[in-house]
Protein chains: 2
Amino acid sequence: MFFGEYPYKVDEKGRVPLPPKFRRQMKEGVILAKGMGEKCIAVYPAAEWTRLSDSLAAKAVTQANLRKLNRAIFGSAFSTSFDGQGRITLPYSLRDYAGIGDTAIVVGANKCVELWSEDEWKAEKTSAEEQASQIIESFGV
Amino acid sequence: MFFGEYPYKVDEKGRVPLPPKFRRQMKEGVILAKGMGEKCIAVYPAAEWTRLSDSLAAKAVTQANLRKLNRAIFGSAFSTSFDGQGRITLPYSLRDYAGIGDTAIVVGANKCVELWSEDEWKAEKTSAEEQASQIIESFGV
DNA sequence: AGAATTGTGGGGAAAAGTGGGGAAATAGGG
DNA sequence: CCCTATTTCCCCACTTTTCCCCACAATTCT
């Protein structure tokens with residue numbers, strides 16, 4: 001389980017630390033992928049990634065469908081691991097996609113971790129909070 | 001079950017004690033989150049938190065919905081536990097959100113505990129009392 | 001009144017955040 | 001094919017923050 005929201009510096013080499021609590025749940029390495037739909041980088045623990053990709057592949061009904069899925073999901077994915085300081089290096093393509101400059105917001109999102117630029121995160125956060133309170137109100141939890 | 005209203009000092013390091021009666025119900029650690037809707041910090045016992053987050057996640061209808069919800073719920077949450085003196089440390093972001101300076105009002109709210117700044121609590125309390133009496137009137141209790 | 005528990009404060013050790021240097025690997029050009 | 005230039009990766013170093021422990025004052029309970 002990942003939670004919390006942490007701002008981190010991205011150095012000139014494109015390295016970002018993840019919070020120690022996250023690292024401990026990702027000792028087996030991580031997969032970086034484009035956030036599905038959102039302008040962010042998704043970071044999956046290796047085990048969760050295989051679980052996810054398997055379940056996706058199983059749902060593709062046609063061959064063309066499956067190929068498209070493979071390109072979209074696996075085409076942008078990178079496997080990596082932590083250096084001695086607990087950092088991962090972000091490929092330029094992903095950093096560019098998420099618009100991340102010298103600061104990244106690391107967000108725990110239950111099963112995975114997301115990396116956002118400051119601006120995109122600010123926007124996403126407000127909209128997410130609005131939606132959350134709507135859901136909570138309507139279901140009266 | 002949590003009752004009562006206790007004022008406590010927040011020291012320079014952002015530490016707040018909780019009443020001993022509360023601690024004893026939170027030995028497994030706690031999750032800090034933004035109060036939903038109100039400007040306060042919500043403190044959930046670990047077990048109650050998982051119960052709550054599971055029930056919320058189950059209500060998302062679409063995948064995009066679920067991701068947004070996960071961000072809103074998990075993004076603002078922090079897991080922590082008590083030090084030897086029965087205190088928890090509040091992350092700066094949450095303290096700032098709730099406007100808590102050097103004093104926090106600890107309020108028992110049945111399933112969870114809430115932390116308020118003096119000012120916000122005063123306002124919330126009067127409005128809650130007014131509304132409560134209105135509600136009671138309207139139901140003719 | 002005495003003892004134990006609780007509120008409050010602070011100090012020191014350990015860990016985490018940040019930056020940079022050098023060796024190995026890769027790629028490109030002669 | 002070899003040499004050189006560039007990039008990537010791993011390690012080292014420093015600064016800051018966090019965490020854990022200790023100490024004292026005040027309150028409560030017996």
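Labels below follow one simple rule: chain letters A, B, ... track the order of the sequence lines, proteins then strands, and each chain is numbered from 1.
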Exercise. Kindly say whether Leu18(B) contributes a backbone atom to a donor-acceptor pair with the side chain of Arg23(B) at under 3.5 angstrom?
Key: yes
Quiz prompt | Rounded interatomic separation in angstrom, taking CZ from Phe82(B) and C1' from dT5(C) | solution = 16 Å
Exercise. Could you tell me whether Phe3(B) and Phe22(B) have their ring centroids closer than 6.0 angstrom?
Key: no
Quiz item: Can Arg67(B) and Glu114(A) be counted as an ion pair, charged N to O under 4.0 angstrom?
Solution: no
Quiz item: How long is the line joining NZ of Lys13(A) and P of dG22(C), in whole Å?
Solution: 11 Å
Quiz item: Hey, is the side chain of Arg15(A) pairing donor to acceptor with the base of dG20(C) inside 3.5 Å?
Solution: yes
Quiz item: Nearest-Å distance, CD1 (Ile88(A)) to P (dC10(D))?
Solution: 14 Å
Quiz prompt | Nucleotide dC19(D), atom C1' - distance to CD of Glu12(B) in whole Å | solution = 16 Å
Self-check item: Separation of atom CG in Asp102(B) from atom P in dG9(C), rounded to whole Å
Solution: 9 Å
Quiz prompt | Check: Arg87(A) side chain, dG19(C) base, donor-acceptor under 3.5 Å | solution = yes
Quiz item: Can you tell me how far P of dT6(C) sits from NZ of Lys9(B), to the nearest Å?
Solution: 21 Å
Quiz item: From the list dG10(C), dA16(C), dG19(C), which nucleotide is the closest neighbour of the side chain of Arg23(A)?
Solution: dA16(C)
Quiz item: What nucleotide among dA16(C), dG20(C), dT8(C) has an atom nearest to a side-chain atom of Tyr8(B)?
Solution: dT8(C)
Quiz item: Starting at CG of Asp83(B) and ending at P of dA14(C), how long is that distance when rounded to a whole Å?
Solution: 19 Å
Practice problem: For Gln85(B) and for Gln85(A), locate the closest nucleotide of DNA chain D by heavy-atom distance; then report the residue assigned to the nucleotide nearer the 5' terminus. | Solution: Gln85(A)
Quiz prompt | Lys21(B) NZ - dT5(C) P separation (whole Å) | solution = 16 Å
Quiz item: Can Glu38(A) and Arg71(B) be counted as an ion pair, charged N to O under 4.0 angstrom?
Solution: yes
